[in-house]
Structure formats: structure tokens, C-alpha cells
2 protein chains.
Amino acid sequence: MSVVLSLKGKKVAVRMKAVSMAADAGEADRKGRKASKETRRQQLIEATIDSLAKRGYSETTLADVADGAGLSRGIVNFHFESKEKLLIATLQAMADEYAAHWQAALDKAGPSAATRLWSLVAADFDRKICTKRKLAAWCAFWGEAKSRPTYQALCGARDVTYHELFVSLCAELKAEGSYAYDAEVTALALSALMEGLWWRLMTGDGFSREKAHGAAIEYLVAVFPRHMSHDGPK
Amino acid sequence: MSVVLSLKGKKVAVRMKAVSMAADAGEADRKGRKASKETRRQQLIEATIDSLAKRGYSETTLADVADGAGLSRGIVNFHFESKEKLLIATLQAMADEYAAHWQAALDKAGPSAATRLWSLVAADFDRKICTKRKLAAWCAFWGEAKSRPTYQALCGARDVTYHELFVSLCAELKAEGSYAYDAEVTALALSALMEGLWWRLMTGDGFSREKAHGAAIEYLVAVFPRHMSHDGPK
DNA sequence: ATATATTGAATGAGTATTCAGCAAGTATCT
DNA sequence: AGATACTTGCTGAATACTCATTCAATATAT
């Protein structure tokens, strides 16, 4: 019995460490047992993102998530109900965060099309969104998305609105600056470019957020020379 | 005994069908038993690509591959040695095919930087390379690549040579046409754009190879107006 | 005292891997 | 040519293992 107890003590100590590393995003981080349902869920979601980033989709196990969160094995099925639902909630959370950040960038920007476009592009390479950890998690989902309608919907929900705004902004700039290009194609290229740069960021080593942002800006300047300079919208 | 035989007969019939659908890439397609080792390996690789495209990485099982190839369950471990090695061989095969296609495009192109760049861009959206099936398989590997050095090496081997050539071609054009842009950044944006377009092709529905190619061309025209037109290099 | 969160061992489903046996081909001998 | 042993591709049932899920017991909060 005493052996069991000392083992338990050890385990608890290990867990404390894991918890503090993984996610003390806690508002009311009531220690040990009682954390609010919502806090626990977020903690587990954070641990899931960690695991996805570290081990990839196919190697992410509930055991790893639980360990990462410093909790016991059965915990996920208690708070979510299945692995599938945990993953969907995780993707949902990331999509929500992305959308909020995107909306904030839009609100902060001025009214002109050039300012808004500039701001949206900048938002995508913002330090808050554009973490290696999060990009890796996105990547893990994307890799599975083609064969999973649910993931595809969540990954793509964003794309639709996003792309539509891009198209209308490009159209506006085209009208103002009488550029020759087709707005739809230009917008498509822009969002493809940004996705490709994200991709590079995940993979590449000597490749920074700033460099990626720079490449996106170069595109803006090349396509909308009468509206954009390297230092910002004119 | 007779029951066993008739069952066998049925199974063989089913298999024949599967084989003819999946891959009769056979040179010396010696029927039934004796297909050369190499032929069998390729057949299994094709079935693996099918499975990856249809079910995604995490849901691809050896049973599914074997069924797809119309062969028995133990077959993969006989010809490859493990699932891991089959997947690596598959990725290798795709990378080889891509590289060969790319080299061919380079050889066919004229000597000028503009022609070569144009040809390389076209090659990426060629009907032979740019199949939904293959893109989906690439995608499956990419999703896992970040957490698997072996995959990353195979996916990325291409990128290094590829990107270096892009940079030098862009630098050449820059020198000829006295463009303002930094060649490295321009090349980076171009390859990111193309990766992003590939990505879109995998995912999107109402999005064709031609449209993607068009968007890439639009970028070339925008950045190198003195070298490129919508109909080809000047 | 009751409700609620948490644990961790047990369960079971799915799947990679193994391997003994079978059958199609090939070589050798008579 | 026919019979014989030998090689090699292939099969599929048995094995071993990983992991999601369950649940009775326990700890903690109100």
C-alpha cells in the first residue's frame, strides 16, 4: 500500500509539471481536482494541438493527449465522448480563433480596400496565429480533410468567406486603379500564395514569418503597384 | 473440399476484376502467378496510392491495399517488409515520377530563362502529374511529413533543386529585364503560389487544372511583364 | 450527503506481422 | 518425353500488439 501511495505521489508531481508546460490558459485555474468543465476542455484541446504538432495525425493517441494534459487515461472520453469529437472540437477551436483574429484585423483596418487587404495579409502572418505549433496542427487536419467531410467543412468554411472578401477587395482595387487582371484570378492567386507560404513555414527551417510576409507583400506590390508599396498601402 | 474449391474460384474471379482496374501497367504481364517481382511491387504501389487517395493516410490499411491489388493479405509483407517500407517506396515512386517529368519539361524547353520558367510552370499543371488521385496521395504524405523525417526528406528533396533553379531563373530574368524585385523572394513566392494552387486543386471542387495554371501564369505576367505574356514567353 | 470530476485497470475491436503450407514454375535426371 | 526434386511467389489463418472505450471505485467539491 505504501508503495502505491508513493507511486501516486510521484505521478502527481510529474503531472503538475506537464500541466504547467502545456496549458495554464486557466482563468479560474482551481488547482488539482476542480477545474470548470470548460477549462478542462480547453486544456485538453491544447494538449491535442501539442500532440498533433509533435506526432502528426496518425500517431496522436488519447493516451498522449491525456499525458500531455497531465491527466488520466479515461479523461477524454469523460469530457468529450470520443476521440473523433475531441478532434473536431480542436479543429473548431482553431477555426474560431482564426476567424476572430481575421475579423479583428478587418475591424482595425481603415475603410479603403487597399488598407483592408493589407491588414488581412498581415494578419495571416501575425505572431499570434502563425506559430509553428498551430501551423503543424492545421497541417495534420488538412492532410486528412480530403477524405473526411467534417474536417473539410471546418477547414473550408473559412475559405469561402475569406475568398469572397478577397475577390471583392481585388475587384475594388481593379476598378480604382484600372488594372488589367481579372479580379477573381488575382484573388485566387493571392490566397493560394498565402496558403503555400504557410505550408513552407511549417516545413522549412531557415524560413521565418517575416520572410513569408515579405513574399506576400511583394505579390501585392507587383499586382497593385498603384495601391501598394513595400511599406504599406499608399 | 469441393466447397473450398468453388470458393477459391469465386475469389479468383473477383481478383481478376480488381487487378484489371487497379494497374495493368504490366510490361510482361504474365498472368496469375508469375509476375516479376518489380511488376508486383508497382502494382502494390498503385494500390497504395489508390487507398491513400480514397481513405487518407490514417485509414489506409494493408488489407485495403491488398484488396485493391486483388491479392492476398500477407502480400505486402512479402514484397515490402513492413507497411512503413511500402509507404516510403510509394512516396519515392511519386517523387521519382515527378522529378522525371520535371526534367523532361526542362529538356524540352528552349535555352532562354523565360522559356524554361514557363515550361516548368506548365509541367506542374500537366494532366499527367496533376491528377486528383495523385494530388490526394501527396497531400496524405505531406500531412504526416512534419513529424516524419523520412517523408520530409522525400517530399523536400525535390524542393531544394527545384527552388534553386527557380531562383537562378528569376535572377536571370531580373538581370535581363532590370526588374526591381529580389530574385530570391520572387522565386519563393512563385513556388509557394504553385504549392498553394496544388493544394486548392486537391480540395476544391469547381476548380480545374486550367484555372490553376492560369493563376500561375497571371503571376508570371505580373512580375515579369517584359518577358511573359498570357500566351507564352515573349 | 450528494453530486461531480477523475482515475486506471479491464475490455475488445482493429490491424500489422508471422509463418507453415500450397501451387506454379524451373532445372535435372532417366 | 516423363518423372523428380527444387525454387519461388503467394496464401490466409494464427499471433501479437496498439489503442479507443468502458466502468466500478475513489477523491473532491458544495
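The figures that follow rest on heavy atoms only: side chains count, while hydrogens, waters and symmetry mates do not. Protein chains get the first letters and strands the later ones, always in sequence-line order, with residue 1 at the start of each.
- Salt-bridge formation is not detected for the pair Asp126(A)/Arg209(A): no Lys NZ or Arg NE/NH1/NH2 atom is positioned less than 4.0 Å from an Asp or Glu carboxylate oxygen.
- Ionic pairing of Arg133(A) and Glu46(A) is present here: one or more N-O contacts between side-chain nitrogen and carboxylate oxygen are shorter than 4.0 angstrom.
- Taking the side-chain contact (heavy atoms from CB on, under 4.5 Å) definition, one finds that Ser51(B) meets it with Arg55(B), Thr60(B), Asp64(B), Val65(B), sequence neighbours left out.
- Checking dT7(C), dG9(D), dA16(C) against the side-chain heavy atoms of Ser72(A) singles out dT7(C) as nearest.
- Nearest nucleotide to the side chain of Leu71(B), out of dC19(D), dT7(C), dT11(D): dT11(D).
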Residues 87-96 of chain B, side-chain donor-acceptor partners within the protein, below 3.5 Å, at least two apart:
from, atom 1, to, atom 2, distance (Å)
Thr90(B), OG1, Leu86(B), O, 2.8

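- In this structure, Asp64(A) atom CG and dA20(D) atom C1' are separated by 14 Å, rounded to whole Å.
- Atom CD in Glu59(B) sits roughly 11 Å away from atom P in dA16(C) (whole-Å rounding).
- Closest contact between the side chain of Leu62(A) and the listed nucleotides dA16(C), dG8(C), dT21(D) involves dT21(D).
- Spacing between atom CZ of Arg73(A) and atom C1' of dG8(C) amounts to 9 Å, rounded to whole angstrom units.
- Of the charged side-chain nitrogens involved, none lies within less than 4.0 Å of a carboxylate oxygen, so that Glu59(A) and Lys54(A) do not count as a salt-bridged pair.
- Non-hydrogen atoms lying under 4.0 Å from DNA chain D are contributed by Gly74(B), Ile75(B), Phe78(B), His79(B), all within residues 74-85 of chain B.
- Around atom NZ of Lys85(A), no more than 12 heavy atoms belonging to other residues, nucleotides or ligands sit under 6.0 Å away.
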